[in-house]
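To keep things clear, I will list the structure first and then write my remarks on it.
Note: hydrogens, waters and symmetry copies are ignored here, and every other heavy atom, side chains too, is used. Labels below follow one simple rule: chain letters A, B, ... track the order of the sequence lines, proteins then strands, and each chain is numbered from 1.
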2 protein chains.
Amino acid sequence: MLRKIENISEYLKESGIKPSYQRIRIFEYLMHTKEHPTVDTIYRALVPEIPTLSKTTVYNTLNLFVENRIAYLISIEENEARYDADTSLHGHFKCVSCQKVFDFDVEADQLRYGGPEGSEVREKHVYYKGLCSGCNQVQ
Amino acid sequence: MLRKIENISEYLKESGIKPSYQRIRIFEYLMHTKEHPTVDTIYRALVPEIPTLSKTTVYNTLNLFVENRIAYLISIEENEARYDADTSLHGHFKCVSCQKVFDFDVEADQLRYGGPEGSEVREKHVYYKGLCSGCNQVQ
DNA sequence: GTATCTGCAAAACATTTGCAATTCT
DNA sequence: AGAATTGCAAATGTTTTGCAGATAC
């Protein structure tokens, strides 16, 4: 489960990131959405409130979050990067028909094997592709 | 395990794909490599023998393979698509330092849960990121 | 002979980079 | 003032599209 974060500014500091206004707002957005947003989605959601915001800053900030491991880059979409502030183990199910992405539970003990011998696993990703229940019935 | 394919032309036909020369050669390449090649890699490997080959054809052909489910699109690389003709369940481990991708075994029973209720799972992908044994020792 | 497939060139995007302006302490 | 951050504009790189010529049945 996602750790309860009361103070984003403190959390960023702990993670080695200087808490600028833009960084706080972007992390706040990422933390409160379940949508695995793209850079464009984040930009469009925040630019009405932060009119000077640029996409470059969104790119820079997300790269910073990923490097400092407080967000995951979800590679489920081929053409564009998606981000998730929930770095706990869970699966993503992508419907090939309606394109929606659903989260689902993965038990930690279902992935016992830690990877090749002597290596250090930092992120575990599980994703499925198929037809979601809605699209499956229509067909 | 990957099904033993004796006759690529027949296999493409069975899969609903007209076996053109380019398609046969591209599938043959994909089947015999373990490298999860990019479009560019495939193109460069084949163009010396098929001088008229174009990248557009490689793109078209790989999209066709993915649609007809005889190849997987591996979304482990952010910037470029990689392809795999081995559609059996196995994991990909990507080293964040040397960028290499290693295959590893995933037991089917490690992913018991088939996905969200009522849905049809077509592909299961498991990938880890971290440091491979070589890069882990150096640090 | 008609459908399909191929491949060139151009277009469309996502992302990165260079650099100047701004902000923070 | 000095260092880091931001944001614009241009560059880069991958993938798609339009369309004409080639190929196959």
Side-chain angles (χ1 to χ4, degrees), chain A residues 8-10 12-13 15-30 35-68 70-83 96 99, chain B residues 8-10 12-13 15-30 36-68 70-83 99:
Chain A
I8 293 174
S9 182
E10 275 307 315
L12 293 180
K13 263 188 220 163
S15 309
I17 295 168
K18 258 191 204 166
S20 77
Y21 178 64
Q22 286 87 338
R23 288 167 179 178
I24 292 169
R25 295 301 306 275
I26 292 170
F27 190 81
E28 182 188 38
Y29 178 84
L30 203 56
E35 306 292 311
H36 321 97
T38 66
V39 167
D40 198 59
T41 307
I42 299 168
Y43 173 76
R44 279 143 101 125
L46 294 178
V47 78
E49 294 172 55
I50 316 169
T52 63
L53 185 67
S54 81
K55 263 194 192 176
T56 304
T57 298
V58 181
Y59 276 106
N60 289 340
T61 302
L62 290 169
N63 285 339
L64 199 64
F65 290 171
V66 171
E67 280 161 26
N68 289 283
I70 60 170
Y72 271 3
L73 174 58
I74 307 293
S75 301
I76 200 166
E77 214 71 44
E78 294 77 42
N79 39 343
E80 54 188 355
R82 289 174 175 273
Y83 295 87
V96 296
Q99 311 291 319
Chain B
I8 293 174
S9 182
E10 275 307 316
L12 294 180
K13 263 188 217 162
S15 309
I17 295 167
K18 257 189 204 164
S20 76
Y21 179 63
Q22 286 87 338
R23 289 168 179 178
I24 292 170
R25 296 299 308 273
I26 292 171
F27 190 80
E28 182 188 36
Y29 178 83
L30 203 56
H36 322 96
T38 66
V39 167
D40 197 59
T41 306
I42 299 167
Y43 173 75
R44 281 145 99 125
L46 294 179
V47 79
E49 294 172 55
I50 315 168
T52 63
L53 185 66
S54 82
K55 264 194 191 176
T56 303
T57 298
V58 181
Y59 276 106
N60 289 340
T61 302
L62 291 168
N63 285 340
L64 198 64
F65 289 171
V66 171
E67 280 161 26
N68 289 281
I70 60 169
Y72 272 3
L73 173 58
I74 307 293
S75 301
I76 201 167
E77 214 70 44
E78 294 77 42
N79 39 342
E80 54 188 357
R82 288 174 175 274
Y83 295 86
Q99 311 290 319

Assign [X] to base, sugar-phosphate, or nothing according to its heavy-atom contacts below 4.0 angstrom with the strands shown.
| X | value |
| --- | --- |
| Asp40(B) | nothing |
| Thr38(B) | nothing |
| Gln22(A) | sugar-phosphate |

May I ask you to decide if [Y]'s main-chain N or O and [X]'s side chain share a donor-acceptor pair within less than 3.5 Å?
| X | Y | answer |
| --- | --- | --- |
| Arg82(B) | His36(B) | yes |
| Thr61(A) | Thr57(A) | yes |
| Arg23(B) | Lys18(B) | yes |

Polar side-chain contact Ser54(A)-dC8(D) base: donor and acceptor under 3.5 Å: no
Distance-only donor-acceptor test (3.5 Å): side chain Ser20(B), base dC5(C): no
Nearest-Å distance, [atom1] ([X]) to [atom2] ([N])?
| X | N | atom1 | atom2 | answer |
| --- | --- | --- | --- | --- |
| Arg82(B) | dG13(D) | CZ | P | 16 Å |
| Leu73(A) | dA14(C) | CG | C1' | 13 Å |
| Leu12(A) | dA4(D) | CG | C1' | 16 Å |
| Glu78(B) | dT16(C) | CD | C1' | 14 Å |
| Leu62(B) | dC5(C) | CG | P | 15 Å |
| Lys55(A) | dA14(C) | NZ | P | 6 Å |
| Ile17(A) | dT6(D) | CD1 | P | 11 Å |
| Ile50(B) | dC5(C) | CD1 | C1' | 14 Å |

Complementary nucleotide of dA20(C), counting Watson-Crick and G-U pairs under 3.5 Å: dT6(D)
Nucleotide opposite dA3(C) in a Watson-Crick or G-U pair, distances under 3.5 Å: none
Proximity to the side chain of Glu80(B) - top-ranked nucleotide from dT6(D), dT14(D), dT15(C): dT14(D)
Closest to side chain of Thr56(A), choosing from dT6(D), dT17(C), dT6(C): dT17(C)
Matching residue for Gln22(A) among Val58(A), Asn60(A), Leu53(A) - test: side-chain contact (heavy atoms from CB on, under 4.5 Å): Leu53(A)
Validation row: Phe27(B), Leu64(B) side chains within 4.5 angstrom (heavy atoms): no
Looking at [N], I'd like to know if its phosphate oxygens (OP1 or OP2) sit under 4.0 Å from a side-chain N or O belonging to [X].
| X | N | answer |
| --- | --- | --- |
| Asn63(B) | dT16(D) | yes |
| Tyr59(A) | dT15(C) | yes |
| Asn60(B) | dT15(D) | no |

Nearest-nucleotide 5' precedence on DNA chain C, Leu53(B) against Lys18(B): Lys18(B)
Nearest non-hydrogen partners of Tyr83(A) and Ile74(A), listed with the distance: C-CG1, 4.4 Å
